[in-house]
A.B. asks: 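One structure is given below, represented as structure tokens, and several questions about it will come after.
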Amino acid sequence: MGSLWRYSHFLLATVSAVFLLMASLTGAILAIQPIKDTVQPYKTVSLDNVQLSQTITVLKNRYAEVLELEITPEGFVKVSVLTKDGESANLYIDPETGDKLGEVSPPSAFFSFVTNLHRSLFLKSVGRAFVGIVSLLLFFIAISGVFLLAQRQGGFKKWFSKVQESNFGQRYHVILSRWFLLPISIIALTGVYLSAEKFALLPEVKMAHQLESIADFDAELVPQNIALFESTRLSEVRKLIFPFSDAPEDYFELALRDREILVHQYSGEVLSEIPYPFVLLASRWSLKWHTGQGSIFWSVVLLIASLSILFFIYSGLQMSIKRRRRYKKAVVKYTKDEAEYVILVGSETRNTHTFANAFHKALEKAGKTVYLSTLNAYSTYEKASHLIIFTATYGDGDPPASARKFEQVFKKVTPHKSLQFSVVGFGSLRYPHYCLFAVKVHTWLSNHSNFVSVQPLAKINDQSHSAFMDWVKAWNEQTGMQLKVTLPNLPEKKLKEYSFKVIERTPLNTDNTALIRLRPSKKRIRFQSGDLLNIIPPEDPLVIRKYSIAKMENDILLSVKWHPKGICSTYLCHSKIGDTITGSIENNTNFHFPRQASSVWMVANGTGIAPYLGMLIENREVTTRLTWGGRTETSFDYYKDYIEEALSKNTLDDYQIALSRTVHKSYVQDILFQHKEKVAQTLTSGGAIMLCGSLAMQNGVLDTLEEITQTELKKPLSDFENNGQLLMDCY
């Protein structure tokens with residue numbers, strides 16, 4: 001069902017995009033007209049407080065003849081009169097005094113042009129038909145968008161829960177959708193109704209007054225003394241047409257909000273009264289809701305809704321192009337029964353195919369026979385020895401489009417031979433059911449006698465390239481392979497490069513780690529602890545490595561682990577005092593010290609402690625604790641002075657160390673579990689937990705935190721992630 005809504009949404013938007021572009025652009029312009037009209041200074045009193053008879057009196061005294069009185073949607077009193085000089089005039093007046101407030105201007109030529117373009121594209125009836133059809137398509141687009149958004153957010157109950165997408169276009173496509181789906185639906189439906197009215201597709205409206213012969217009356221009432229006029233407030237009136245002559249058979253035509261009345265001009269007798277039929281009232285309301293006449297608030301809503309449609313067209317096109325650029329269909333050289341390695345993909349937006357295609361290509365380069373298809377196409381495989389599954393999760397833990405039939409097919413198909421399998425799940429920790437469908441697939445395979453797991457289920461957060469490459473490395477170790485997987489490079493924003501002077505560098509410790517302090521050549525470089533320094537080694541300018549920054553005064557402190565074959569780490573760890581390092585600073589706003597949190601729990605292993613050393617200097621009032629993991633006690637020596645200083649200045653309240661190469665080995669997640677009550681209290685009181693270090697550490701800590709929140713707080717960890725209480729910077 002999710003695919004149906006997605007494809008319907010995309011198809012309808014594609015078909016109507018050009019017309020929607022024109023209609024929404026002109027609609028946004030036309031929404032300005034009611035705002036412009038409403039702010040005119042032609043409303044002096046509340047019409048609820050003025051009787052119709054009172055206004056008629058002042059008009060009769062001031063003008064030679066009154067032809068018509070009308071209350072505009074803006075609440076202005078507009079009259080058509082003959083002045084005592086014999087000139088005709090259309091005026092806005094004060095209903096209590098009859099004073100002229102302004103003359104009625106003719107319609108703006110510009111807005112008339114835009115109105116005709118909006119209504120019919122200058123194609124007359126054919127254009128009106130197109131506009132009506134496009135309005136109907138817009139309504140269907142909105143309906144399909146409702147269900148897509150509900151699935152994305154995890155159900156209608158979570159309609160206004162925090163938006164998970166980080167990409168600007170996708171994020172605001174969701175945010176604007178949930179706020180403006182209702183106004184857009186109203187625009188669409190009222191547009192359809194007005195078009196149907198134009199083409200006589202609605203029931204015919206007949207309002208024929210039945211008048212008998214009007215008798216002469218000896219007694220003449222002045223209009224202001226007519227009882228009906230005395231009891232009618234101006235707020236109830238739409239229009240009053242005065243009698244054409246003094247003849248008894250001419251009468252007042254009074255149009256109220258809900259009915260039309262003919263009134264004898266001498267006796268005040270109601271000659272005929274007809275309530276407006278529903279079709280006419282609906283037409284009037286459709287026009288009001290479609291144009292925003294008389295309401296600044298609704299006109300502004302219509303303006304923003306029209307502009308949001310333009311944004312939806314842009315962001316939708318951007319997402320579509322982005323998906324197609326990412327997705328390049330792999331050339332499959334072997335059939336399902338010829339291949340030794342079978343790769344099956346479950347994807348909703350084709351992003352997962354990027355990883356599957358790269359893995360497929362690497363296997364082929366290694367000389368393996370490979371077959372790649374979707375999970376929906378699961379079958380028997382005659383020569384296969386390995387089954388590798390890459391799958392995303394859609395909506396509320398549901399299968400993505402290309403995997404929706406997998407469970408059903410899997411139960412029916414009996415494998416011909418035993419297969420080794422691996423499952424890689426793609427998702428986002430921001431969602432409650434992180435990689436849930438991948439978990440289900442791994443469970444189904446694990447419980448089947450014909451499948452043997454090569455390694456535990458792997459979960460990739462936010463399509464992390466580094467996390468995927470870690471999985472490839474682990475898969476190589478388990479299978480004895482040496483695959484070299486190359487993922488397509490994502491376009492990155494060009495950052496300004498700066499020069500930094502090495503002013504301190506420690507020798508390598510027992511963990512091959514060094515502390516390096518860099519001083520920018522320019523004093524006015526904005527950065528803070530938690531930002532990233534992209535190092536560009538001169539030997540290979542194409543190799544860029546990111547390091548988390550600790551800000552020390554205006555210097556940068558890095559903690560770098562040397563890898564014998566690492567180009568960047570060798571460049572840094574072998575640098576000398578006085579050397580110049582080239583790099584760029586990347587703002588990492590998602591990993592700055594959370595000053596608004598009630599407390600902060602910093603968790604790191606190895607060199608991941610670096611940004612915390614700077615954050616502890618920034619801290620002034622927030623209760624903060626640190627849990628760090630290393631190999632031995634000497635691994636902590638380089639950081640100990642910074643930590644002791646923070647304790648003495650009360651910017652750090654306490655810390656714990658987990659050591660993995662000692663008799664009583666432990667990891668940071670073990671310490672967190674030992675203090676699970678404190679962890680739970682930190683989260684429930686609005687505190688934040690920060691993670692920095694290796695992905696292996698991150699995965700272990702996340703599993704532990706998930707267990708703590710589920711058992712201690714009866715909530716998923718994602719609830720706290722969505723509240724901004726879980727900050728991560730792991731590689």
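All residue numbers refer to positions in the sequence shown, counting from 1.
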A.B. asks: How would you list, by chain and number, every residue that makes a side-chain contact (heavy atoms from CB on, under 4.5 Å) with Gln455, sequence neighbours excluded?
C.D. replies: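 Per chain and number, Gln455 pairs via side-chain contact (heavy atoms from CB on, under 4.5 Å) with Ser422, Trp471, Ala474, Trp475, Gln478.
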
A.B. asks: I want to know whether Phe355 and Phe390 have ring centres closer than 6.0 Å.
C.D. replies: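 Judged by ring-centre distance (under 6.0 Å), Phe355 and Phe390 do not meet the cut-off.
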
A.B. asks: Would you mind reporting whether Leu445 and Ser453 have side-chain heavy atoms less than 4.5 Å apart?
C.D. replies: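 Counting from C-beta outward, Ser453 and Leu445 never come under 4.5 Å.
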
A.B. asks: Do Leu726 and Leu702 pass the side-chain contact (heavy atoms from CB on, under 4.5 Å) test, and can you show the C-alpha distance, the side-chain angles, and the key distance before you say yes or no?
C.D. replies: CA-CA 10 Å; Leu726 186 60; Leu702 289 176; 3.8 Å; yes

A.B. asks: Measuring from atom CG of Leu705 to atom CG of Leu691, what distance do you get when rounded to the nearest 0.5 angstrom?
C.D. replies: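 So the CG of Leu705 and the CG of Leu691 are separated by 6.5 Å.
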
A.B. asks: Any chance NZ of Lys484 has more than 12 other-residue heavy atoms, nucleotides or ligands included, within less than 6.0 Å?
C.D. replies: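 Count not over threshold, so no.
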
A.B. asks: Checking Gln420 side chain against Val454 main chain: does a donor-acceptor pair fall under 3.5 Å?
C.D. replies: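 Side chain of Gln420 to backbone of Val454: no pair is present.
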
A.B. asks: Does any N or O in the side chain of Ser24 come within less than 3.5 Å of the main-chain N or O of Ile309, such that one atom is a donor and the other an acceptor?
C.D. replies: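 No.
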
A.B. asks: Who pairs with Leu307 by side-chain contact (heavy atoms from CB on, under 4.5 Å), at least two apart in sequence or on another chain?
C.D. replies: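 With neighbours one apart ignored, the set is Ala28, Leu303, Leu310.
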
A.B. asks: For side-chain contact (heavy atoms from CB on, under 4.5 Å), just list the numbers for Trp179 and Ile304, CA-CA rounded to whole Å, side-chain angles, deciding distance to a tenth of an Å, and then say yes or no.
C.D. replies: CA-CA 10 Å; Trp179 283 108; Ile304 300 174; over 6 Å; no

A.B. asks: How long is the span from the OG1 atom in Thr684 to the NZ atom in Lys715, to the nearest 0.5 Å?
C.D. replies: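 Taking OG1 in Thr684 and NZ in Lys715, the distance rounds to 8.5 Å.
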
A.B. asks: State which residues pass ring-ring contact (aromatic ring centres under 6.0 Å, His included) with Phe421; sequence neighbours excluded, sorted by chain then number.
C.D. replies: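 Testing Phe421 for ring-ring contact (aromatic ring centres under 6.0 Å, His included), a comparison that skips the adjacent residues, returns His442.
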
A.B. asks: Could you tell me which non-hydrogen atom of Pro716 sits nearest to which non-hydrogen atom of Glu706, and how far apart they are?
C.D. replies: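 Heavy atoms of Pro716 and Glu706 come nearest at CA-OE2, 3.6 Å.
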
A.B. asks: Can you give me the closest heavy-atom contact between Tyr547 and Ser569, atom names plus distance?
C.D. replies: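 Nearest pair, atom of Tyr547 first, then Ser569: OH-N, 3.6 Å.
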
A.B. asks: Passes side-chain contact (heavy atoms from CB on, under 4.5 Å), Met481 versus Leu363? Steps please.
C.D. replies: CA-CA 9 Å; Met481 300 278 286; Leu363 282 171; 3.9 Å; yes

A.B. asks: Side chain to side chain donor-acceptor pair (under 3.5 Å) with Ser548: which residues, sequence neighbours excluded?
C.D. replies: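 Residues passing side chain to side chain donor-acceptor pair (under 3.5 Å) with Ser548: Asp729.
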
A.B. asks: Would you indicate whether the side-chain heavy atoms of Phe312 and Ile184 approach each other to under 4.5 Å?
C.D. replies: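 Counting from C-beta outward, Ile184 and Phe312 do come under 4.5 Å.
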
A.B. asks: Could you measure the distance from the CD atom of Gln669 to the CG atom of Asn699? Nearest 0.5 Å is fine.
C.D. replies: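 Nearest 0.5 Å value for the CD-CG distance: 10.0 Å.
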
A.B. asks: Considering only heavy atoms from C-beta outward, does the side chain of Asn351 approach that of Phe426 to under 4.5 Å?
C.D. replies: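 A side-chain contact is absent here, since even the closest heavy-atom pair is not under 4.5 Å.
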
A.B. asks: What's the shortest heavy-atom distance between Val423 and Ala438, and which atoms?
C.D. replies: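 Nearest heavy atoms, Val423 then Ala438: CG1-O, 3.8 Å.
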
A.B. asks: For the residue pair Pro594 and Val600, what are the closest heavy atoms and their distance?
C.D. replies: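 For Pro594 versus Val600, the nearest heavy atoms are CG-CG2, 3.7 Å.
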
A.B. asks: With a 4.5 Å heavy-atom cut-off, do Lys336 and Val342 have their side chains touching?
C.D. replies: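 Side chain of Lys336 against side chain of Val342, heavy atoms only: no contact under 4.5 Å found.
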
A.B. asks: List in chain and number order the residues that pass ring-ring contact (aromatic ring centres under 6.0 Å, His included) with His386, two or more places apart in sequence or in another chain; answer none if no residue qualifies.
C.D. replies: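 Here the qualifying residues are Tyr341.
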
A.B. asks: Ignoring hydrogens and angles, tell me if any N or O in the side chain of Trp601 forms a donor-acceptor pair with the backbone of Ala688 under 3.5 Å.
C.D. replies: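 It does not hold such a pair.
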
A.B. asks: Do Thr393 side-chain atoms and Phe437 backbone N/O form a donor-acceptor pair below 3.5 Å?
C.D. replies: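 Present.
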
A.B. asks: Tell me whether Glu338 contacts the main-chain N or O of Thr335 through its side chain, where contact means a donor paired with an acceptor under 3.5 Å.
C.D. replies: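 Side chain of Glu338 to backbone of Thr335: a pair is present.
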
A.B. asks: Within the distance-only criterion (no hydrogens, no angle test), does the side chain of Asn605 pair as donor or acceptor with the backbone N or O of Ser694 below 3.5 angstrom?
C.D. replies: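 Indeed, once roles are kept as given, a pair shorter than 3.5 Å links the two residues.
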
A.B. asks: Just list the side-chain donor-acceptor pairs under 3.5 Å for residues 674-681, sequence neighbours left out, or say none.
C.D. replies:
{"from": "His675", "atom 1": "ND1", "to": "Ile671", "atom 2": "O", "distance (Å)": "3.0"}

A.B. asks: Salt bridge (Lys or Arg N to Asp or Glu O under 4.0 Å) with Lys411: which residues, sequence neighbours excluded?
C.D. replies: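 Lys411 satisfies salt bridge (Lys or Arg N to Asp or Glu O under 4.0 Å) with Glu407 only.
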
A.B. asks: How would you list, by chain and number, every residue that makes a side chain to side chain donor-acceptor pair (under 3.5 Å) with Thr704, sequence neighbours excluded?
C.D. replies: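 Listed in chain order: nothing, the list is empty.
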
A.B. asks: Determine the minimum heavy-atom distance between Leu483 and Val472, stating which atoms define it.
C.D. replies: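 Shortest heavy-atom separation between Leu483 and Val472 comes out as O-CG1, 4.4 Å.
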
A.B. asks: Can you give me the closest heavy-atom contact between Ile609 and Ala604, atom names plus distance?
C.D. replies: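 Taking Ile609 first and Ala604 second, the nearest heavy atoms are N-CB, 3.7 Å.
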
A.B. asks: Distance-only, no hydrogens or angles: does the Asp670 side chain make a donor-acceptor pair with backbone N or O of Tyr667 under 3.5 Å?
C.D. replies: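 Yes; at least one donor-acceptor contact below 3.5 Å.
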
A.B. asks: Would you say Lys561 has more than 12 foreign heavy atoms packed within less than 6.0 Å of its NZ?
C.D. replies: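 Yes - once you tally the heavy atoms of other residues, nucleotides and ligands closer than 6.0 Å, there are more than 12.
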
A.B. asks: To the nearest 0.5 Å, how far apart are OG in Ser464 and CG in Asp470?
C.D. replies: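 It comes to 7.5 Å.
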
A.B. asks: For Ala188, check side-chain contact (heavy atoms from CB on, under 4.5 Å) against everything at least two apart and list the hits.
C.D. replies: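 Testing Ala188 for side-chain contact (heavy atoms from CB on, under 4.5 Å), a comparison that skips the adjacent residues, returns Leu138, Phe139.
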
A.B. asks: Which residues satisfy the side chain to side chain donor-acceptor pair (under 3.5 Å) test with Thr682, sequence neighbours excluded?
C.D. replies: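 Once residues adjacent in sequence are excluded, Thr682 has no partner under the side chain to side chain donor-acceptor pair (under 3.5 Å) criterion.
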
A.B. asks: Which residue pairs pass the side-chain hydrogen bond (donor to acceptor under 3.5 Å, both in side chains) test when at least one of the two sits in residues 371-383, sequence neighbours left out?
C.D. replies: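 Non-adjacent pairs meeting side-chain hydrogen bond (donor to acceptor under 3.5 Å, both in side chains): Glu382-His416.
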
A.B. asks: Mind checking the SG-CZ spacing from Cys568 to Arg545? Nearest 0.5 Å is all I need.
C.D. replies: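 Those atoms lie 7.5 Å apart.
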
A.B. asks: Using the ring of each side chain (for Trp, its six-membered ring), is Phe591 parallel, tilted or perpendicular to Tyr612, with breaks at 30° and 60°?
C.D. replies: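 Tilted: the ring planes of Phe591 and Tyr612 meet at 30° to 60°.
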
A.B. asks: Do the side chain of Ser599 and the main chain of Gly687 share a donor and acceptor less than 3.5 angstrom apart?
C.D. replies: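 Here the side-chain-to-backbone pair does not exist.
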
A.B. asks: List for me each residue that meets side-chain contact (heavy atoms from CB on, under 4.5 Å) alongside His448, sequence neighbours excluded, and say none if there are none.
C.D. replies: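 Scan of His448 (side-chain contact (heavy atoms from CB on, under 4.5 Å), adjacent residues dropped) gives Phe410, Pro415, Asn450, Phe451.
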
A.B. asks: Kindly indicate, with the supporting measurements, whether the criterion side-chain contact (heavy atoms from CB on, under 4.5 Å) is fulfilled by Phe406 and Val441.
C.D. replies: CA-CA 9 Å; Phe406 176 70; Val441 171; 4.1 Å; yes

A.B. asks: If you round to the nearest 0.5 Å, how far is CG of Leu532 from CG of Asn588?
C.D. replies: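 Separation between the atoms: 4.5 Å.
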
